[in-house]
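Just below is one structure, and these are the notes that go with it.
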Amino acid sequence: MDLPVTDKIDHEVYAPVMRVLEEERSNVYLTGRAGTGKTTLLRQFVARNAKTVVVLAPTGIAAIAAGGQTLHSFFRFPPRLIEASDIKRLRHAKAMGAMDTLVIDEVSMVRSDMMAAIDQSLRLNRGVDAPFGGVQVVLVGDPYQLPPVIERGLETYLEDIHDGCYFFSPPAFREAGFRLIELTRVFRQSDPVFLDVLGGVRRGELDRQQAEFLDDCVSDIDPVMAADTHVVLTGTNAAAFEINHRKLAALPGQQTEFEAKVTGQFDAKLFPTESPLSLKAGARVILLRNDAEKRWVNGTLAEIVKVEPGQLRIKIDDKEYKIEPVVWERYRYEFDSKKSELKKEVVGTFKQYPLRLAWALTIHKSQGQTLDKVFIDLRRGLFAHGQAYVALSRCRSLDGLLLSRALTSRDLIMDRRALALGRLQDVEEWAGGRMAMLETLFQ
């Protein structure tokens, strides 16, 4: 869903970035650690330029969150290694010709073969032999989170053909002259000690003092008991499901199920919450959408206080509210021949109450959330690049953080190849040190 231009942003921080995007029309890679407002800035830019901007993402879930379409769908790429023979003239080439800006969210998940194919497809379908067909490209993401999937045996091929595995590897990236903008002001946390600890986890290099601060957060409480006061973050869907449904079953009263209404093209794998959604009075839930009346935001925790067919009431900070179902939409970009402009068409909808059970969440589903009290369940360990950083950075402060055990070096899984963009030099500081414009990495 497109957000209104009036959404609150920090103009002191974002205004210089907007100038680069809207006035200078530079190709930009926008990065920054968790909580620095990348998503807020992206939505503001898209809302202000909706008729000329295409928003794409590497996965269906990320595309719905960004209010756009998947890369594979827009470019008609196959769900495998993309080769030169897969790049063809497309029926919606006019839509490509009508766009001025291509935004790719969660770009750290984009592999080099995809990035090279995007460049070639835009050149072919726009008829412009320039990097990315002359389109302004805005990439958004954090290389310390969500790396691309690289199947065994594919790495050598990608190195030989595209100079590496990552979105910044192909020559087209260097030829396009991307300006690197790093947002450095963190809005989610303000405690300098916790920010220092998060910085160590993000780099995968905890020093002794940082490790000791985290050791002080270790608790031997059972995760199910911890869920009474904290949101439990865990690495697997099965663990989160088990905790949520044990807590739900322990509540008195009858369980009510709410079915979602689905239309058009909306695969079950992309559902933003459950269908059916099982609820009882007393259940803890997390809100999944900003409220138009600003009574809550995406990530607010609430309690179900009344469950009846066709009516659901929640409580937030001792105030009760009636909540209504909302609609999530899947989009496809087309060319409007009558108006000779880009058109974003709805191809599927999902209507459901914008919440899910929140005694426990997977670390993956918690991404983008801000939580006051977090218990990180490490019983099954962590298994992906950046997972520890994503989990810890959901919490506002060390005071609200509990760990089921001490972090070990095995938990700090880092794909060093994905962090080439972190080796930044010659940094020009802007906005009183709140933002850095990084110009020299690819020169």
Side-chain angles (χ1 to χ4, degrees), residues 33-35 39 61-62 65 106 142 144-147 186 188-189 191 194-195 197-202 204 206 210-211 213-248 272-274 283-288 297-303 355-408 410-414:
R33 62 197 297 179
T39 300
I61 291 173
E106 300 290 5
D142 180 1
Y144 291 84
Q145 304 177 48
L146 297 173
V186 178
R188 182 174 295 141
Q189 295 93 10
D191 175 11
F194 192 29
L195 287 170
V197 170
L198 290 176
V201 174
R202 189 173 187 249
L206 279 178
Q210 292 166 341
F213 281 123
L214 287 178
D215 288 346
D216 290 340
C217 298
V218 173
S219 171
D220 60 1
I221 187 173
D222 181 84
V224 177
M225 296 295 293
D228 288 337
T229 54
H230 291 62
V231 176
V232 177
L233 299 186
T234 186
T236 66
N237 284 308
F241 183 89
E242 176 191 359
I243 293 170
N244 280 326
H245 286 270
R246 282 180 63 180
K247 301 298 287 187
L248 187 67
T273 187
E274 295 178 357
R284 184 202 291 165
V285 295
I286 188 168
L287 281 303
L288 302 176
V297 297
N298 182 7
T300 297
L301 293 177
E303 180 184 332
L355 49 83
R356 65 159 53 99
L357 294 175
W359 285 288
L361 300 170
T362 63
I363 294 170
H364 181 76
K365 287 191 172 72
S366 75
Q367 187 145 347
Q369 308 294 350
T370 300
L371 304 169
D372 290 320
K373 292 187 175 183
V374 173
F375 179 95
I376 301 178
D377 178 13
L378 297 166
R379 293 174 299 170
R380 294 168 173 81
L382 300 176
F383 51 84
H385 162 88
Q387 209 172 17
Y389 173 64
V390 171
L392 289 165
S393 61
R394 300 310 95 200
C395 196
R396 290 185 188 274
S397 68
L398 277 170
D399 291 338
L401 180 66
L402 292 177
L403 305 174
S404 63
R405 60 165 172 78
L407 280 182
T408 69
R410 293 191 302 275
D411 298 315
L412 301 179
I413 303 167
M414 305 298 294

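Counting begins at 1 with the first residue of the sequence.
In this structure a side-chain-to-backbone donor-acceptor pair under 3.5 Å is missing from T362 to N237. Side chain of R379 to backbone of S404: no donor-acceptor contact under 3.5 angstrom is found. In this structure, the side chain of R356 does not engage the main chain of L288 through any donor-acceptor pair within 3.5 Å.
Of all non-hydrogen atoms in V285 and A358, the two that sit nearest each other are C-CB, 3.5 Å. Between D215 and A406 the shortest heavy-atom distance is OD1-CB, 3.5 Å. Between K373 and H230, the closest heavy-atom pair is CB-CD2, 3.5 Å. Taking both residues in full, the closest heavy atoms of I221 and F375 are given as CG2-CE1, 3.5 Å, listed atom of the first, atom of the second, then distance. Here the closest heavy-atom approach between residue A227 and residue I243 is recorded as CB-CG2, 4.2 Å.
How far CG of L412 is from CZ of R202: 14.0 Å, rounded to the nearest 0.5 Å. A distance of 11.5 Å separates CG in L371 from OG in S397, rounded to the nearest 0.5 Å. The distance from atom CZ of R394 to atom CG of L361, rounded to the nearest 0.5 Å, is 11.0 Å. T408 OG1 to L206 CG: the interatomic distance, rounded to the nearest 0.5 Å, is 10.5 Å. Here the CG-CG distance, from L398 to D216, works out to 9.0 Å after rounding to the nearest 0.5 Å.
No side-chain heavy atom of P223 sits less than 4.5 Å from a side-chain heavy atom of T234. Contact check for L392 versus L214: side-chain heavy atoms found under the 4.5 Å cut-off. The shortest side-chain heavy-atom distance between L198 and Y389 falls under the 4.5 Å cut-off. Counting heavy atoms from C-beta outward, I376 and L407 have side chains that stay 4.5 Å or more apart.
Residue pairs meeting the side chain to side chain donor-acceptor pair (under 3.5 Å) criterion with at least one member in residues 238-247, sequence neighbours excluded: D228-K247.
Just one residue in the list D377, T236, L233 forms a side chain to side chain contact (heavy atoms under 4.5 Å, CB included) with I363, and that residue is L233.
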